[in-house]
Amino acid sequence: MYEEFDIWAFLSGLPLGLAIAGIILYFSWRKGKKERRYDERYTNVHRQAKSISWGTTTVAILVAWAIVMIVEGSQLAFFVLAGLWVVHMVSYGIGAAIASKQN
Amino acid sequence: MILSGEMISGFISGFGIVLLIALFYFWKGRKERRFDERYETVHAKARTISWGITVIVLALMWLGALIYEGASLAFILLAAAYGIMLLSYGIAVFVLNKKL
Amino acid sequence: MGWTQDDLAEKLDVSRQTIISLEKGRYNPSLILAFKISKLFACRIEDIFLPEEE
């Protein structure tokens, strides 16, 4: 299905997408700033949301890892996901150390 | 890999050891009132930091898998994981906005 | 005092959404915000917020 997927064409479209998304984000951020949208409740909501999403991602990585192990065995994808798992966990540990000092 | 009696018993012992350690950790923590308001805040912040790092690393790996292997299994799985990550974030923000 | 939610939000440097949430009693403000509110209304925190066991 993806036989004729042109990676270089994809990568040339990428900067354009990034630029447009960046401009949209910048203007919505400026509008939000005016409305004082980024207050402590906002921080709280988004902190908790990321916290929940972190848990979901943890499960997703484990499931993806299991699929790779069953389908492909120890190939590149296996090590990529193992590396991702390590990053996910180590960054949590570092985050906990930082947050523990701050609070 | 063939499922054997030894393997299953090994799995059960490993699973049991981890379960026991976890139970002990929570039992002791509860007694010391370790899981209080500050604990919640610290760990929510930690997961937020970790979430930010994982988003970037996952996106880079996804791009790397696409360039290196093309649309292979790794690419599809990483894309799915990325989608789940962002979707769960979005849903959580929506729900919390109603609740908080 | 005849303030709209927007006025109050501006005085406290928060969003209108936060004021709505506070009025409904859903959001637990930080101590800093609670002190700001009590100062603005010239009364004590206990007069504005009631402790509630979860």
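Numbered from 1 within each chain, the chains take letters A, B, ... in sequence-line order. Values below: all heavy atoms of this structure, side chains included; hydrogens, waters and symmetry mates excluded.
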- Query: Just by distance, do the side chain of A:Ser51 and the backbone of B:Arg47 share a donor-acceptor pair under 3.5 Å?
  - Reply: no
- Item | Which atoms of B:Ile91 approach chain A - backbone, side chain, both or neither, heavy atom under 4.5 Å | neither
- Task: Heavy atoms only, distances under 4.5 angstrom: which of B:Ile49, B:Thr41, B:Val57, B:Val42 has the most pairs with chain A? Name it, please.
- Result: B:Val42
- Message: Using heavy-atom distances under 4.5 Å, tell me whether A:Arg47 contacts chain B through its side chain, its backbone, both, or neither.
- Response: both
- chain B heavy atoms under 4.5 Å from A:Val90: which part of the residue, side chain, backbone, both or neither? neither
- Query: Side chain, backbone, both or neither: which part of B:Leu78 has a heavy atom under 4.5 Å from chain A?
  - Reply: side chain
- Query: Considering only heavy atoms, which portion of B:Met61 lies under 4.5 Å from any heavy atom of chain A: side chain, backbone, both, or neither?
  - Reply: side chain
- Kindly state whether the ring of B:Trp51 and the ring of A:Tyr92 have centres lying under 6.0 angstrom apart. no
- Looking at CH2 of A:Trp65 and CG of A:Leu62, how far apart are the two atoms once the value is rounded to the nearest 0.5 Å? 7.5 Å
- Donor-acceptor pair, B:Arg34 side chain versus B:Lys28 backbone, under 3.5 Å? no
- Message: Other residues, nucleotides and ligands only: do more than 12 of their heavy atoms fall within 6.0 Å of CH2 on B:Trp62?
- Response: no
- Message: If we count only N and O atoms by modelled type, under 3.5 Å, do the side chains of A:His88 and A:Thr57 hold a donor and an acceptor together?
- Response: no
- Message: Quick check on A:Ile52 against chain B: is it the side chain, the backbone, both or neither that has a heavy atom closer than 4.5 Å?
- Response: side chain
- Message: For A:Leu81, which atoms come within 4.5 Å of any heavy atom of chain B: side chain, backbone, both, or neither?
- Response: side chain
